[in-house]
Amino acid sequence: MAFNRRSFLVAGAGSVAAAAASSMVGAPWIRRAQAAEFSYKVGTDLPASHPLNVRIQEASNAILKETDGRMEIRVFPNNQLGGDPDMFAQLRAGALEFFTLSGANALSSLVPKAAISGVGFAFKNYDQVFGALDGELGAHLRGLITKGGLVVQDKVWDNGFRQITSSGKPIKSPADLQGMKIRVPPGRLWISLFRALSAAPTSISFNEVYSALQTRVVEGQENALAVVDTAKLYEVQKYCSMTSHMWDGFWFLGNRAAWEKLPASVRDVVSRNLNASALQQRKDVAQLNSSLQKALEGKGLAFNQPDMDLFRDMLRKSGFYAEQKQFFGEDEWGLLEKVTGKLA
């Protein structure tokens with residue numbers, strides 16, 4: 001399935017229209033879904049048209065069919081059920097059965113070491129990301145998440161590498177970040193990273209980012225390209241530097257009590273379909289990022305490709321990697337460096 005921004009919007013709208021049409025004609029699988037033995041919810045913080053939600057809906061349809069209508073998963077995108085901290089609390093309390101969450105976000109409040117996948121400039125490419133998270137590091141993190149009382153599926157979903165946008169000048173080397181006021185999400189990793197690069201990181205709520213950039217409260221920000229596009233940040237930014245400084249993705253988490261209510265045969269169908277859809281979603285995001293760069297260039301955003309080794313060298317010299325190694329621990333750091341090569 002070939003994806004771009006337009007097809008995601010069409011797919012999101014099409015899935016809603018298809019469901020409505022099926023309901024109107026009384027399709028048998030809809031009748032079974034209404035009387036499903038197990039009707040669970042999954043919450044996400046991304047728009048309905050994002051490949052994460054498109055593929056979860058695809059998996060949900062397959063699960064409903066393969067379980068002969070016994071298992072229904074209803075998708076609630078775009079923070080419909082609350083912000084990440086709210087949905088995470090609902091998940092842990094059992095009010096929400098499934099939730100997709102970044103290891104560097106609220107999940108790190110329960111499992112601090114889950115944030116290791118977001119260490120700055122650690123991964124050079126997607127092969128390293130998924131080599132680590134589909135391999136020993138991912139298995140180790142899933143074990144820690146399980147010990148935290150949650151259920152986690154095997155395959156992590158992709159949100160993409162984060163890039164830096166700016167208004168004054170392109171970021172070609174660490175020297176260009178010196179003293180720069182850059183908006184970052186609240187979180188230890190972001191603050192530590194940009195301070196180590198001599199920038200001035202400032203935590204601002206995302207709904208205030210556009211105005212903060214417009215009024216020059218901050219000069220730049222960092223996010224995946226899909227966010228730059230959907231939030232129209234290209235209107236208040238001139239440059240996009242492809243630093244790929246952090247990778248971000250989502251673990252598909254489940255409430256343990258709700259999961260254990262499902263018969264083993266149903267759990268197998270759920271896991272198989274969710275993990276298969278996660279692999280497809282990764283391909284979708286890669287295609288989306290490629291099309292987005294061209295689209296954003298057409299909207300006036302100037303792209304450049306910095307030498308990322310310069311940033312890694314500065315992080316080593318500043319003690320950033322040594323600090324992260326101490327925080328995450330020898331075992332976890334060793335599993336990370338098995339894939340990335342020596343960082344600290």
Side-chain angles (χ1 to χ4, degrees), residues 15 19 29-46 48 50 52-114 133 138-157 159 249-281:
S15 63
W29 70 267
I30 290 291
R31 288 200 299 271
R32 287 199 299 271
Q34 290 172 345
E37 182 179 354
F38 304 99
S39 182
Y40 285 7
K41 303 184 296 294
V42 55
T44 82
D45 61 5
L46 294 174
H50 191 280
L52 177 131
N53 289 307
V54 173
R55 291 297 186 178
I56 292 176
Q57 185 61 60
E58 180 181 82
S60 175
N61 294 342
I63 290 164
L64 186 72
K65 183 177 180 180
E66 289 184 35
T67 60
D68 196 29
R70 295 182 71 194
M71 179 66 191
E72 173 191 39
I73 298 177
R74 292 179 292 152
V75 184
F76 291 84
N78 206 31
N79 292 120
Q80 289 180 17
L81 301 180
D84 283 354
D86 292 334
M87 285 192 284
F88 192 44
Q90 293 172 41
L91 180 80
R92 297 181 67 187
L96 179 62
E97 292 84 11
F98 296 123
F99 179 37
T100 58
L101 185 61
S102 163
N105 203 318
L107 180 57
S108 64
S109 65
L110 176 67
V111 186
K113 293 184 178 183
L133 296 178
H140 179 76
L141 295 179
R142 291 192 301 275
L144 295 178
I145 294 168
T146 300
K147 288 179 182 177
L150 300 173
V151 172
V152 57
Q153 299 299 320
D154 287 346
K155 300 301 181 184
V156 69
W157 300 63
N159 193 34
F250 300 94
W251 292 108
F252 197 104
L253 306 174
N255 174 271
R256 178 172 291 176
W259 182 252
E260 291 177 350
K261 286 180 183 177
L262 300 176
S265 59
V266 173
R267 292 200 298 264
D268 289 344
V269 171
V270 171
S271 291
R272 175 165 46 79
N273 279 283
L274 287 174
N275 288 322
S277 287
L279 295 178
Q280 291 300 316
Q281 185 262 358

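Worth saying up front: this structure is predicted, and the values here are computed from it rather than measured. We use all heavy atoms of the structure for the numbers below, so side chains are in, but hydrogens, waters and symmetry mates are not.
- Under the side chain to side chain contact (heavy atoms under 4.5 Å, CB included) criterion, P263 pairs with F38, R70, S265, V266, not counting sequence neighbours.
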Could you tabulate the donor-acceptor pairs under 3.5 Å formed by side-chain atoms of residues 89-97, not counting sequence neighbours?
unit_1, atom_1, unit_2, atom_2, d
Q90, NE2, L81, O, 2.8
E97, OE1, K41, N, 2.8

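- Looking at every heavy atom in both residues, A278 comes nearest to W157 through CB-CE2, 3.5 Å.
- Counting only residues at least two apart or in different chains, salt bridge (Lys or Arg N to Asp or Glu O under 4.0 Å) contacts with residues 255-271 are absent.
- Nearest heavy-atom pair, A114 versus L141, reported as atom, atom and distance to 0.1 Å: CA-CD2, 4.1 Å.
- Residues meeting the side-chain hydrogen bond (donor to acceptor under 3.5 Å, both in side chains) test with R272, sequence neighbours left out: E66.
- Residues forming a side-chain hydrogen bond (donor to acceptor under 3.5 Å, both in side chains) with K113 (at least two apart in sequence, or on another chain): E332.
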Carefully, step by step, assess M87 and N79 under the rule side-chain contact (heavy atoms from CB on, under 4.5 Å). CA-CA 8 Å; M87 285 192 284; N79 292 120; 3.5 Å; yes
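- Looking at W251 and L133, their side chains come closer than 4.5 Å, going by heavy atoms from C-beta outward.
- We find the CD1-CD distance between I56 and E58 to be 11.0 Å, quoted to the nearest 0.5 Å.
- Partners of F76 under the ring pair (Phe, Tyr, Trp, His ring centres under 6.0 Å) rule, at least two apart in sequence or in another chain, do not exist in this structure.
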List the steps and the verdict of side-chain contact (heavy atoms from CB on, under 4.5 Å) for F250 and V156. CA-CA 6 Å; F250 300 94; V156 69; 5.6 Å; no
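- Qualifying side-chain hydrogen bond (donor to acceptor under 3.5 Å, both in side chains) partners for T44, counting only residues two or more places apart in sequence or in other chains: N53.
- Annotation: side chain to side chain contact (heavy atoms under 4.5 Å, CB included) contacts of S60 (sequence neighbours excluded): Q57, I73.
- Not counting sequence neighbours, the partners of D154 by the salt bridge (Lys or Arg N to Asp or Glu O under 4.0 Å) test are R142.
- Side-chain atoms of V151 and N255, non-hydrogen and from C-beta on, never get closer than 4.5 Å to each other.
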Given side-chain contact (heavy atoms from CB on, under 4.5 Å), test L150 with F88 step by step and report yes or no. CA-CA 11 Å; L150 300 173; F88 192 44; 3.8 Å; yes
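- Here the side chains of M71 and K65 are not in contact, with every heavy-atom distance at 4.5 Å or above.
- A donor-acceptor pair is defined here as one N or O able to donate and one able to accept, closer than 3.5 Å; no such pair exists between the side chain of Y40 and the backbone of W259.
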Counting only pairs under 3.5 Å, give me each side-chain donor-acceptor contact of residues 99-106, with atom names and distances, residues two or more places apart or in other chains.
unit_1, atom_1, unit_2, atom_2, d
S102, OG, A104, N, 3.1
S102, OG, D248, OD1, 2.6
N105, ND2, D84, OD2, 3.2

Test D45 against N78 for side-chain contact (heavy atoms from CB on, under 4.5 Å), laying out the working first. CA-CA 4 Å; D45 61 5; N78 206 31; over 6 Å; no
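- Evaluation of the side-chain hydrogen bond (donor to acceptor under 3.5 Å, both in side chains) rule for Q153 yields S271 as partners, not counting sequence neighbours.
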